[in-house]
Amino acid sequence: MQRLDKIIADKLNITRAQAKQLIKSGEVSFNSQAVLSPDLKCSEEDEISVSGKKISSEKFVYIMMNKPKGVICASEGESEKTVIDLLPEGMRVKGLFPAGRLDKDTTGFVLITNDGEFAHNILSPKKHVKKTYLALLDKPLDKGVIMDFESGMNLGEERLLPAKLSAQNEEKTLAKVVIKQGIYHQIKRMFKKHKIEVLELKRIKIGSLSLDENLKEGESRYITQHELVQMGYDPICT
């Protein structure tokens with residue numbers, strides 16, 4: 001159980017004094033009832049709204065975003081727009097970070113959370129969680145490229161883990177790639193080894209969880225408890 005003013009301060013990234021002022025001004029409702037008491041005790045099951053917008057009272061949040069081009073995967077950017085900047089105001093809570101980065105020009109599934117243990121368990125290289133991408137290529141791939149990906153290619157001085165590669169169109173210029181690592185520019189470098197340029201790259205899946213097709217670029221939504229369990233992680237039990 002947490003105090004109402006603390007929950008609001010944490011979720012809206014404001015001071016406790018500002019949170020108390022919001023409550024005392026009648027801007028906050030608790031389980032659909034207006035409240036004026038900052039020290040009201042709240043649980044994760046309680047529904048809290050500020051100025052008519054519902055906020056979560058849970059300690060940790062898990063967000064799926066469909067990242068557009070031109071946005072960096074970082075919590076802060078001096079002069080560049082970040083994935084955190086794209087979040088709706090009601091989703092912006094303290095400590096959020098992208099768990100697993102995408103290049104600035106890569107689109108698709110970005111996982112945003114404030115749960116460090118979650119990020120470690122799902123995205124640690126030692127866990128070998130699969131990441132699935134669609135890659136648009138400037139020339140067709142062939143069996144030799146597929147075999148090199150699936151055998152675990154040498155990339156510079158590093159031996160990569162086996163990756164799955166399959167053509168997704170008749171021209172063999174659209175490929176699905178499944179990797180278990182996430183080294184710097186990995187997919188682009190893997191294709192470049194075979195003199196193939198990646199024109200577009202989109203992450204469509206992390207583990208067993210696919211990017212929600214209803215999310216337009218730049219949009220985001222909370223990941224459900226059921227989806228977390230599908231990924232092999234249950235924050236209630238850890």
### Message
Measuring from atom CG of Asn66 to atom CG of Leu215, what distance do you get when rounded to the nearest 0.5 angstrom?
### Response
6.0 Å

### Task
Flag yes if Ile112 and Tyr222 sit in one hydrophobic cluster, no otherwise; membership is Ile, Leu, Val, Met, Phe, Trp, Tyr, and two members link when side-chain heavy atoms are under 4.5 Å apart.
yes

### Summary
Heavy-atom nearest pair, Ile48 first then Cys42, reads CD1-SG, 4.2 Å

### Task
Measure from the side-chain N and O atoms of Asp5 to the backbone N and O of Ala19, and report whether any donor-acceptor pair falls under 3.5 Å.
no

### Message
If hydrophobic clusters are built from ILVMFWY residues whose side chains come within less than 4.5 Å, do Met65 and Val61 share one?
### Response
yes

### Side chains of Lys192 and His185 in contact at under 4.5 Å (non-hydrogen atoms)
no

### Query
Taking the side chain from Arg101 and the backbone from Cys73, do they hold a donor-acceptor pair closer than 3.5 Å?
yes

### Query
Any side-chain heavy-atom pair from Phe118 and Tyr62 closer than 4.5 angstrom?
yes

### Query
Are Leu111 and Ile223 close enough that some pair of their side-chain heavy atoms sits under 4.5 Å apart?
yes

### Message
Tell me the closest heavy-atom pair linking Thr82 and Val71, and the distance in Å.
### Response
C-CG1, 3.3 Å

### Task
Output yes when Lys104 and Glu80 qualify as a salt bridge under the 4.0 Å nitrogen-oxygen rule, no when they do not.
yes

### Task
Step through the shown structure and confirm whether more than 12 heavy atoms of other residues, nucleotides or ligands are within 6.0 Å of NZ on Lys193.
yes

#### Entry: Donor-acceptor pair, side chain of Thr106 and main chain of Leu102, under 3.5 angstrom
no

### Shortest non-hydrogen contact from Gly144 toward His194
O-CE1, 4.3 Å

## Note on the structure
Taken to the nearest 0.5 Å, the spacing of Ile196 CD1 from Leu141 CG works out to 6.0 Å

### Task
In sequence, state the C-alpha distance, the side-chain angles, and the governing distance for Glu219 and Asn214, and then conclude on side-chain contact (heavy atoms from CB on, under 4.5 Å).
CA-CA 9 Å; Glu219 291 184 342; Asn214 294 316; over 6 Å; no

### Message
Do Thr113 and Phe97 have side chains that approach each other closer than 4.5 Å (heavy atoms only, starting at C-beta)?
### Response
yes

### Message
So does Phe60 get a backbone contact from the side chain of Asp115, meaning a donor-acceptor N/O pair under 3.5 Å?
### Response
no

### Query
Would you call Lys69-Asp105 a salt bridge at under 4.0 Å N-O?
no

### Hydrophobic cluster identity match, Val35 and Leu22, side-chain contacts under 4.5 Å
yes

### Task
To the nearest 0.5 angstrom, please state how far the CD1 atom of Ile179 sits from the CG atom of Leu165.
11.5 Å

### Message
On a heavy-atom basis, which atom in Gln186 and which in Leu160 lie closest, and how many Å separate them?
### Response
NE2-CD1, 4.1 Å

### Query
Counting only N and O atoms by type, is there a donor-acceptor contact under 3.5 Å from the side chain of Asp148 to the main-chain atoms of Ser151?
no

### Query
Quick one: does Pro140's side chain get under 4.5 Å of Glu171's, heavy atoms only?
no

#### Entry: Heavy-atom side-chain proximity of Ile8 to Val50 below 4.5 angstrom
yes

### Message
Just verifying a value: how many Å separate Lys180 NZ and Lys131 NZ, rounded to the nearest 0.5 Å?
### Response
10.5 Å

### Task
Give a yes or no on whether a salt bridge exists between Arg221 and Glu227, defined as a side-chain N under 4.0 angstrom from a carboxylate O.
yes

### Side chains of Lys205 and Phe109 in contact at under 4.5 Å (non-hydrogen atoms)
no

### Query
Within the distance-only criterion (no hydrogens, no angle test), does the side chain of Ser75 pair as donor or acceptor with the backbone N or O of Leu96 below 3.5 angstrom?
yes

### Query
Does atom NZ of Lys188 have more than 12 heavy-atom neighbours from other groups under 6.0 Å away?
yes

### Message
Counting C-beta onward and ignoring hydrogens, is there a side-chain heavy-atom pair between Gln181 and Glu158 closer than 4.5 Å?
### Response
yes

### Query
For Phe149 and Phe191, what are the C-alpha separation, side-chain angles and deciding distance, and is it a ring pair (Phe, Tyr, Trp, His ring centres under 6.0 Å)?
CA-CA 9 Å; Phe149 270 62; Phe191 279 112; 4.9 Å; yes

### Query
Under a single-linkage definition using a 4.5 Å side-chain heavy-atom cutoff for Ile, Leu, Val, Met, Phe, Trp and Tyr, are Leu136 and Ile187 assigned to the same hydrophobic cluster?
no

### Message
Can a donor-acceptor pair be found, under 3.5 Å and without considering hydrogens, that links the side chain of Arg159 to the backbone of Gly152?
### Response
yes

### Donor-acceptor contact below 3.5 Å, side chain Arg92 vs main chain Leu87
yes

### Query
Closest approach of Met190 and Ala163, non-hydrogen atoms and distance?
CE-CB, 4.0 Å

#### Entry: Hydrophobic cluster membership, Val198 vs Val178, 4.5 Å side-chain cutoff
no

### Donor on one side chain, acceptor on other, Gln168 and Ser166, under 3.5 Å
yes

### Query
Counting distance only, does the side-chain N/O of Lys139 pair as donor-acceptor with the main-chain N or O of Lys195 below 3.5 Å?
yes

### Query
Roughly how far apart are Leu40 CG and Ile23 CD1, rounded to 0.5 Å?
8.5 Å

### Message
For Asp39 and Ser37, which I'm curious about, is there any donor-acceptor pair between the side chains at under 3.5 Å?
### Response
yes

### Message
On a heavy-atom basis, which atom in Asp46 and which in Lys41 lie closest, and how many Å separate them?
### Response
OD2-O, 4.3 Å

### Query
Between Gln21 and Gln18, is there a donor-acceptor pair closer than 3.5 Å when you use the side chain of the first and the backbone of the second?
no

#### Entry: Spatial distance of atom CD1 (Ile206) from atom CG (Leu209) [nearest 0.5 Å]
7.5 Å

### Query
Of Lys67, Glu200, Glu217, which meets side chain to side chain contact (heavy atoms under 4.5 Å, CB included) against Thr107?
Glu217

